[in-house]
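Single-structure report; data block below.
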Amino acid sequence: MTDAPDGNRAPGTGPAPGAATRVLVLNCGSSSVKYQLLDMADDSRLAAGLVERIGEDASRLVHTPAGGRRRERTVAVPDHESALKALSAELAADGHGLDSPRLAAVGHRVVHGGLRFTEPTVVDDGVLAEIERLVPVAPLHNPANITGIRTARALNPRLPQIAVFDTAFHTTMPEHAARYAIDVATADAHRVRRYGFHGTSHAYVSRRTAELLGKRPQEVNVIVLHLGNGASASAVRGGRCVDTSMGLTPLEGLVMGTRSGDVDPAVVFHLVRVAGLSVDEVDTLLNQRSGLAGLCGDNDMREILRRVDEGDERAQLAFDVYVHRLKKYIGAYSAVLGTVDAVAFTAGVGENSAPVRAAAVDGLAGLGLAVDPGLNAERSDAPRLISPPDAPVTVAVVPTDEELEIAAQAYALVAHADG
Ligand code: AMP
């Protein structure tokens, strides 16, 4: 789909020194903006930061230049426009202003691209209108993404703004995986289908996993387990997603920090009709008061494991429900793929929690899965294998890097347009 971010560029074909090779990646949420400045000449990170509590009395800005000291301060940031102005002032102070000739593009993480956006896209007014049309299916996310794009464009109208969609990698899912078995006319009228999210992570990790195996993405089938505060699994056949666990929204699928993942939809009717909750209250319950937090009061896996060690039964139950769901998806995606070359763990829990990885594959020798306890216990930031050398299926830990993937996709688009 894109050039590999670590680009196997042929000698002599790289960009000229001083060329516009930098990409500012913006991830705008409803009350925060996360950003990173990357240089695609060598995939280096020049700065990273965060503006949070936008619109509150005391917003906070944290900015860390590469190799420099972290700067943190309280700033007046009433809206996203002020947030972008504040972060571009920080970048400018390091010599990386939005007017820098070395900046090639701004890459925006856009959560929902529906069926329309299957690739990273240069934003113009028509594209903005399309993203706006998707607000009903992503009411929490797309409005903030749109504001981010508009504001960045106003700050430097000449700079290409590239939208990179969380859903895009999943648009290759076949109809039978993307469809809910509900009335087709109703579903189509309201765009109710499975879209999937975390797409940049699943794309990046599945490709890196192929590299780790010494193969091309087209040659391998990979199950990616993105286990962060949000969590999703995907089945990737030959570099293309054929199923993923999140659906119309990020609520479906695995047990997450605060989201329930799969429930019988009749739970909603029951809570409305019998428990007397409003639809909004059920929405909040399932998205914010469920998952690990709902089961045991904690959404941080580190804390849950600490409590498990102390013999805490609610924490043990939360861990068991989490792992049981994970196993069901590993089994389901093994069946979907038929042959599995690798299972890759990624994101906060997947990269750091040896107990979760061990429990997830425990008893799955019948599917060819096992981890070597010594390899699994090793701590490292590098992609690595944790299965025994002779295991039929490789189990790997592959740190994700969504910002690098967004920058690589955005840069590939503008570099190709130039060439
Ligand atoms: P992410 O959304 O990818 O940033 O992941 C955040 C989650 O990673 C947190 O909720 C933590 O539960 C989890 N996490 C981070 N470090 C560890 C660790 N060492 N062990 C278990 N979980 C961890």
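Counting convention: from 1, in listed order, for ligands and their atoms alike.
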Qualifying residue, where the test is side chain to side chain contact (heavy atoms under 4.5 Å, CB included) with Leu37 and the options are Val106, Leu103, Asp94, Val23: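 So the option named by the test is Leu103.
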For [atom], grab the closest protein heavy atom and report residue, atom and distance to one decimal in Å.
atom                    : value
atom 19 (N) of ligand 1 : Asn352 CB, 3.3 Å
atom 12 (O) of ligand 1 : Met301 N, 2.7 Å
atom 11 (C) of ligand 1 : Asp300 OD1, 3.4 Å

Is it true that Arg73 and Glu90 make a salt bridge, defined as a side-chain N closer than 4.0 Å to a carboxylate O?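 Here Arg73 pairs with Glu90 in a salt bridge, since their nearest N and O are under 4.0 Å apart.
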Is there at least one protein heavy-atom neighbour under 4.0 Å from atom 4 (O) of ligand 1?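 No, there is no protein heavy atom closer to it than 4.0 Å.
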Using a 4.0 Å cut-off to any heavy atom of [X], which atoms of ligand 1 qualify?
X      : value
Val349 : 8 (O), 13 (C)
Ala347 : 3 (O)
Gly228 : 1 (P), 2 (O), 3 (O), 5 (O)

Is it true that, when you exclude Lys85 itself, more than 12 heavy atoms of the residues, nucleotides or ligands shown sit nearer than 6.0 Å to its NZ?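 Result for NZ/Lys85: open.
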Kindly state whether the ring of His112 and the ring of Phe197 have centres lying under 6.0 angstrom apart.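 Yes, the ring centres sit under 6.0 Å apart.
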Between His202 and His170, is the ring centre distance below 6.0 Å?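 Ring centroids of His202 and His170 are less than 6.0 Å from each other.
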I want to confirm something. Looking only at heavy atoms, which of Arg302, Met256, Glu303 is nearest to atom 21 (C) of ligand 1?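 It is Arg302 that holds the nearest heavy atom.
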With a 3.5 Å cut-off and no angle check, do the side chains of Asp372 and Asn376 form a donor-acceptor pair?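 No pair is found: no donor N or O on one side chain lies under 3.5 Å from an acceptor on the other.
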